[in-house]
Amino acid sequence: MTRLSSAVRGLIAALAALLAVTAASAPAQATTEPKAPKDFVALRTVDPTIIQEMRYFTPHNFVGERIDGYRQPICLLTRQAAEALHKAQLRLLRKGYSLKVYDCYRPQRAVNHFVRWAEDLHDQAMKGEFYPNVDKTRLFEDGYIAEKSGHSRGSTMDLTIVKLPAKPTRPYHPGEPLVSCYAPKGERFPDNSVDMGTGFDCFDTLAHTLDPRIQGEQRANRLLLMSTMEGLGFVNLAEEWWHYTYKPEPYPDTYFDFPVSWKSLAGGH
């Protein structure tokens, strides 16, 4: 009995030690998603009237699939940027227009997804719409894709203007025939926005905000967006008519990687 008892006690001790190691290592193995700083907000809580068409939550983008990190189709921004955008919206509403955002805060993991796609020269499924005249080998050199994005700092957004009342935009169906992003508005993928001369995310010099080939109503629409935004502290990226950054940025040197979801926000569920 003594030997048996000793053996049982040894077995119990070994099991207890194993359980202790397992319990201690469990928290270390659990992955906790990063959270947004407290001054990040969902744009909808600051201005619910701004239209949101979050393209990277959908397959209708230059990659052709939902982008990593976009868990929900919502616009997240620093509060300062969101409140300035609300002021821009008020100015446009008085003229019969509304803002529409395509993208806002973008996690670093999404930027990494873009980089992986750009390095895969065989994947050119969306070339016909988004980069018909650009050789994919030049996406980095020409500045269309980079390893860091100002969007990840939380005060940059991609947006356009919609004439009110807003008409619905039909959903994109993967595999449907693609039309060049710089084709006439009536031919390219339908968008309820005003005519800016190209579609959103068009990899072409025609997307440069002040490209001299863009004239008439298209140029007037770009200038309306620019004058509205720049009057409230936003700075346009000259190569993209849709790209604006609120200045001064609260996080000018920080590239965040929390997911685009309500759970990422303080108090999010």
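All heavy atoms count here, side chains included; hydrogens, waters and symmetry mates do not.
At least one test fails for Lys100 against the ring of Trp242: distance under 6.0 Å to the centre or angle within 45° of the axis.
For the pair Asn236 and Glu240, the tightest heavy-atom approach, listed with the atom from each and the gap, is ND2-O, 3.1 Å. Pro34 and Asp257 get closest at one heavy-atom pair: CG-O, 3.7 Å. Heavy-atom minimum distance, Ser98 versus Thr49: OG-O, 3.6 Å. The heavy-atom pair separating Leu265 from Ala36 by the smallest distance is CD2-CB, 4.3 Å. Nearest heavy atoms, Ser155 versus Glu249: CB-CG, 4.1 Å.
A distance of 8.5 Å separates NE2 of His60 from CG of Asp191, quoted to the nearest 0.5 Å. Taking SG from Cys104 and CG from Leu85, the interatomic distance works out to 7.5 Å, rounded to the nearest 0.5 Å. Expressed to the nearest 0.5 Å, how far CG of Leu99 lies from OH of Tyr244 amounts to 10.5 Å. Interatomic distance, CD1 of Ile51 versus OG of Ser193, reported as 9.5 Å (0.5 Å rounding). Residue Ile214 holds its CD1 atom at 5.0 Å from CG of Leu206, rounded to the nearest 0.5 Å. Taken to the nearest 0.5 Å, the CG atom of Asp204 stands 8.0 Å off from the OG1 atom of Thr198.
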Run the side chain to side chain contact (heavy atoms under 4.5 Å, CB included) test on Phe140 and Glu119 for me, step by step, so that the C-alpha distance in whole Å, both residues' side-chain angles and the decisive distance to 0.1 Å come before the verdict. CA-CA 9 Å; Phe140 291 103; Glu119 291 173 340; 4.0 Å; yes
How far apart are the C-alpha atoms of Trp117 and Tyr131, what are their side-chain angles, what is the distance that settles it, and do they pass the ring-ring contact (aromatic ring centres under 6.0 Å, His included) test? CA-CA 13 Å; Trp117 166 81; Tyr131 54 108; 5.6 Å; yes
I would like to know whether Arg170 and Phe189 meet side chain to side chain contact (heavy atoms under 4.5 Å, CB included); could you show each step before the answer? CA-CA 9 Å; Arg170 74 165 177 83; Phe189 186 85; 3.5 Å; yes
Glu129 vs Arg55, salt bridge (Lys or Arg N to Asp or Glu O under 4.0 Å): CA-CA, chis, key distance, verdict: CA-CA 14 Å; Glu129 178 174 351; Arg55 286 285 187 89; 5.3 Å; no
Please test Arg44 against Gln52 for side chain to side chain contact (heavy atoms under 4.5 Å, CB included), starting from the C-alpha separation and ending with a verdict. CA-CA 9 Å; Arg44 189 167 291 128; Gln52 299 190 26; 3.5 Å; yes
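There is no side-chain donor-acceptor pair under 3.5 Å between Thr156 and Arg106. Side chain to side chain, Asp103 and Tyr70 meet the donor-acceptor criterion of an N or O pair below 3.5 Å. With 3.5 Å as the limit, one finds a donor-acceptor pair spanning the side chains of Tyr56 and Asp201. Side chains of Tyr255 and Arg153: a donor on one and an acceptor on the other come within 3.5 Å.
Using a distance-only test at 3.5 Å, with no hydrogens or angles considered, no donor-acceptor pair links the side chain of Arg79 to the main chain of Asp39. Between the Lys136 side chain and the Asp120 main chain, a donor and an acceptor come within less than 3.5 Å of each other. Formation of a donor-acceptor pair under 3.5 Å by the Arg66 side chain with backbone atoms of Phe57 is found in this model. Side-chain atoms of Gln108 never come within 3.5 Å of backbone atoms of Ser152 as a donor-acceptor pair (strictly under, hydrogens ignored). Listed for the Asn112 side chain is no donor-acceptor partner under 3.5 Å among the backbone atoms of Arg116. Without hydrogens or angle criteria, His113 side chain to Asp68 main chain gives a donor-acceptor distance under 3.5 Å. For the pair Glu176 (side chain) and His173 (backbone), a donor-acceptor distance under 3.5 Å is present. Between the side chain of Thr169 and the backbone N or O of Asn192, at least one donor-acceptor pair lies under 3.5 Å. Side-chain N or O atoms of Ser264 include none that pairs as donor or acceptor with a backbone N or O of Val260 at under 3.5 Å. Remark: the backbone N or O of Val111 is not paired with any side-chain donor or acceptor of Lys148 at under 3.5 angstrom.
Using a 4.5 Å cut-off on side-chain heavy atoms (C-beta onward), Leu237 and Thr245 make no contact. With a 4.5 Å cut-off on side-chain heavy atoms, Lys247 and Pro252 do not count as touching. In this structure, the side chains of Tyr97 and Leu224 come closer than 4.5 Å at one or more pairs of heavy atoms. By the 4.5 Å heavy-atom criterion applied to side chains, Asn61 and Met126 are not counted as neighbours. In this structure the side chain of Thr209 never reaches within 4.5 angstrom of the side chain of Leu223, judged on heavy atoms. Residues Phe200 and Asp158 form a side-chain contact, since some pair of their non-hydrogen atoms from C-beta on lies under 4.5 Å apart. Between Leu43 and Met157, the closest side-chain pair of non-hydrogen atoms is not below 4.5 Å. Residues Asn221 and Ile161 fail the side-chain proximity criterion, which asks for heavy atoms closer than 4.5 Å.
Val235 and Met229 fall into different hydrophobic clusters, defined by Ile, Leu, Val, Met, Phe, Trp and Tyr side-chain heavy atoms under 4.5 Å apart, directly or through other members. No single ILVMFWY cluster, assembled from side-chain heavy atoms under 4.5 Å apart, contains both Val46 and Tyr102. Hydrophobic clustering (ILVMFWY, side-chain heavy atoms < 4.5 Å, transitive): Leu77 and Ile74 are in one cluster. Cluster annotation: Leu93 is not connected to Val194 through the hydrophobic network of ILVMFWY side chains, with a link wherever side-chain heavy atoms come within less than 4.5 Å. In the hydrophobic cluster analysis, where Ile, Leu, Val, Met, Phe, Trp and Tyr join through side-chain heavy atoms closer than 4.5 angstrom, Leu164 is grouped apart from Met196.
In this pair, Phe62 and Phe130 present their aromatic rings perpendicular. The plane angle is above 60°, beyond the 30 to 60° band. Ring geometry for Phe203 versus Tyr144: interplanar angle under 30°, hence parallel rather than tilted (30 to 60°).
Of the residues Gln215, His208, Arg213, the one that meets the side-chain hydrogen bond (donor to acceptor under 3.5 Å, both in side chains) test with Asp211 is Arg213. For the ring pair (Phe, Tyr, Trp, His ring centres under 6.0 Å) with Tyr105, the qualifying choice from Phe258, Tyr251, Tyr246 is Phe258, the only one to do so. The only member of Arg219, Arg222, Arg188 that meets salt bridge (Lys or Arg N to Asp or Glu O under 4.0 Å) when paired with Asp195 is Arg188.
Under a cut-off of 6.0 angstrom, the local environment of CD in Gln72 is crowded, with over 12 non-hydrogen atoms contributed by other residues, nucleotides or ligands. At most 12 non-hydrogen atoms from other residues, nucleotides or ligands lie less than 6.0 angstrom from NZ of Lys167. Applying the 6.0 Å contact sphere to CD of Glu230 captures more than 12 heavy atoms from other residues, nucleotides or ligands.
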